[in-house]
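Quick note on labels: first sequence line is chain A, next is B, and so on, each numbered from 1.
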2 protein chains.
Amino acid sequence: MSTTAPHAAPAKLQLLELLAAIGTAQWRDFATAAARHGLTSTQAKVLAQLNGPLPMRGLATLLVCDASNVTGIVDRLEARGLVRREPDPADRRVKNVVATDEGREVIRRVREEMQATHSALDTLDEAESTALYGLLERLRPTLERRA
Amino acid sequence: MSTTAPHAAPAKLQLLELLAAIGTAQWRDFATAAARHGLTSTQAKVLAQLNGPLPMRGLATLLVCDASNVTGIVDRLEARGLVRREPDPADRRVKNVVATDEGREVIRRVREEMQATHSALDTLDEAESTALYGLLERLRPTLERRA
DNA sequence: GCAGATGTTTGATGACCTCAAGTAACTCGA
DNA sequence: TCGAGTTACTTGAGGTCATCAAACATCTGC
C-alpha cells in the first residue's frame with residue numbers, strides 16, 4: 001500500500017510471507033490428494049521418499065525426526081500393504097523399508113492428483129518455468145544447509 | 001542426470017519436487033525458530049495469523065481445520081499469556097482471539113530468527129528477488145483457489 | 001573378547017486433528 | 001412474539017504424529 005511502482009523490489013518480509021503462503025498451499029494440496037487415498041500427509045511423505053530400499057534410520061534422518069517415530073508410521077503403511085520391511089543382508093540390526101508395487105502406484109497417483117499445484121505451474125510458460133527453477137535451485141542449498 | 005544443457009526447461013515433476021523441498025525446508029526453519037520460544041509450529045502459525053482480533057471460527061477457516069481443534073490450540077496459547085479471548089460486543093456467541101503484547105513480540109522474533117530462510121533470500125540480488133516475487137505471486141492465486 | 005556405539009522397538013506423555021454431540025445465542029418468517 | 005433453523009464454541013472419544021527414556025540385538029574397534 002505504500003509504494004506504487006508496479007515492479008518495485010519487494011520487502012524481504014513480503015517475500016518471506018509469500019514463500020510461506022505458497023508452501024502451505026502446496027502442502028495442503030498434497031495432503032488433500034493423499035487423503036483421497038486414505039493416507040495422512042506424513043504417510044504419503046514417507047512413501048514419497050522410498051525410491052529404493054531405505055533403513056528405518058535413514059528414513060528418520062530424511063524426515064528429521066526421532067527413529068522411534070518412524071516405527072509407527074511404517075507399521076501403518078505396512079498394514080496397508082504399501083510398504084515392506086526387509087532384513088539387511090549386511091547388517092542384521094537394520095531393516096530396509098521398500099515400497100510395494102501398490103505403494104509406488106499410490107504415491108504416483110497422489111503426485112499426479114495435486115491439481116492446484118499442477119494448474120498453478122501450468123500458468124507459467126517455458127521461460128518462466130526455467131527462471132523459477134533457477135531461482136529456487138539457488139535458494140535450496142542455503143535453505144537446507146542452515147536448517 | 002539425463003540431459004546436460006545448463007538451462008534446459010525443467011520437467012514439471014522436477015519443478016514440483018523442488019518447490020516441495022523449498023517448502024519443507026522453510027517450514028522446518030519456522031518450526032525450529034518457534035521451538036526456541038517453546039512453541040509448536042501450529043501454535044506459532046496461529047500467532048502469525050493474529051494481526052487483529054479474530055473469532056475462533058475465523059481462525060479455523062484460515063487454518064482449514066475443524067473449529068474444535070482451535071479450542072485446544074488457543075487454550076494452550078492463552079495459558080502462556082500469548083493470546084487473549086475477548087467477548088465480541090456484537091455477538092455473544094463469538095469469542096475474539098487477540099494476541100497480547102508478549103504474543104506479538106514472540107512471533108516477531110520467530111520470524112526474525114528464521115535464519116536459513118533469511119540467508120537464502122539474501123543470496124538473491126534485487127532483480128532476482130523481484131523476479132522471484134513476481135513468479136510466486138502469479139502462482140499464488142491458482143494454488144490457493146484450487147485447494 | 002569386550003566396551004562402546006548403532007539400529008530398532010516399546011511405553012509413556014503430550015500436541016494435533018476429526019467427528020459427534022451439547023449448549024448458548026443469533027436470525028428470520030409466520 | 002415465538003419458535004424453527006442456523007451458527008459459534010466447547011467437550012469427549014479416538015486416532016496419528018512427535019518426543020524422550022529404556023530395552024534389546026547387533027556391529028565396531030581395540
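- Distance CG (Asp66(A)) to C1' (dT19(D)): 6 Å, rounded to an integer number of Å.
- Between the CG atom of Leu47(A) and the C1' atom of dT16(D) there is a distance of 16 Å, rounded to whole Å.
- Gln43(A) places its CD atom 5 Å from the P atom of dC17(D), with the value rounded to the nearest Å.
- Here the side chain of Cys65(B) is nearest to one of dT18(C), dT9(C), dA18(D), namely dT18(C).
- At dA15(C), none of the side-chain N or O atoms of Thr42(B) fall inside 4.0 Å of OP1 or OP2 (strictly under the cut-off).
- Within a 6.0 Å radius of CD in Gln115(A), no more than 12 heavy atoms belonging to other residues, nucleotides or ligands are found.
- The side chain of Met56(A) approaches dT9(C) more closely than any other nucleotide in the set dC9(D), dA18(D), dT9(C).
- As judged by a 4.0 angstrom heavy-atom cut-off over every strand, Ser68(B) is placed among the base-contacting residues.
- The side chain of Arg92(B) places no N or O atom within less than 4.0 Å of a non-bridging phosphate oxygen (OP1 or OP2) of dA24(C).
- Under 4.0 angstrom from either OP1 or OP2 of dG14(C) there lies no side-chain N or O belonging to Arg76(B).
- Taking 4.5 Å as the limit, every side-chain heavy atom of Arg84(A) sits out of range of all side-chain heavy atoms of Val97(A).
- Contact of the Met114(A) side chain with the Gln26(A) side chain is registered, since non-hydrogen atoms from C-beta on lie closer than 4.5 Å.
- Following rounding to the nearest Å, Trp27(B) (CH2) and dC16(C) (C1') show an atom-to-atom distance of 12 Å.
- Using a 4.5 Å heavy-atom threshold, the side chains of Leu121(A) and Ser129(A) count as separate.
- By the 4.5 Å heavy-atom criterion applied to side chains, Thr61(A) and Arg57(A) are counted as neighbours.
- For Asp88(B) and dC9(D), the CG to P distance is 9 Å, given to the nearest whole Å.
- Taking atom CG of Asn69(B) as the reference point, atom C1' of dA8(D) lies 16 Å away to the nearest angstrom.
- Interface remark: the Arg93(A) side chain does not form any donor-acceptor pair with the dT8(C) base, using a distance-only criterion of under 3.5 Å.
- With rounding to whole Å, Leu63(A) atom CG is found 13 Å from dT8(C) atom P.
- Thr71(B) comes within 4.0 angstrom of a nucleotide base, judged by non-hydrogen atoms across all strands.
- As a whole-Å value, the separation of Arg85(B) CZ from dA24(C) C1' is 16 Å.
- Nucleic acid contact for Asp91(B): sugar-phosphate only, since backbone atoms but no base atoms lie under 4.0 Å from a heavy atom of the residue.
- Comparing Arg57(B) and Ser41(A) by the nucleotide of DNA chain D that holds the closest heavy atom to each, the one mapping nearer the 5' end is Arg57(B).
- Under 4.0 angstrom from either OP1 or OP2 of dT10(D) there lies at least one side-chain N or O belonging to Lys95(B).
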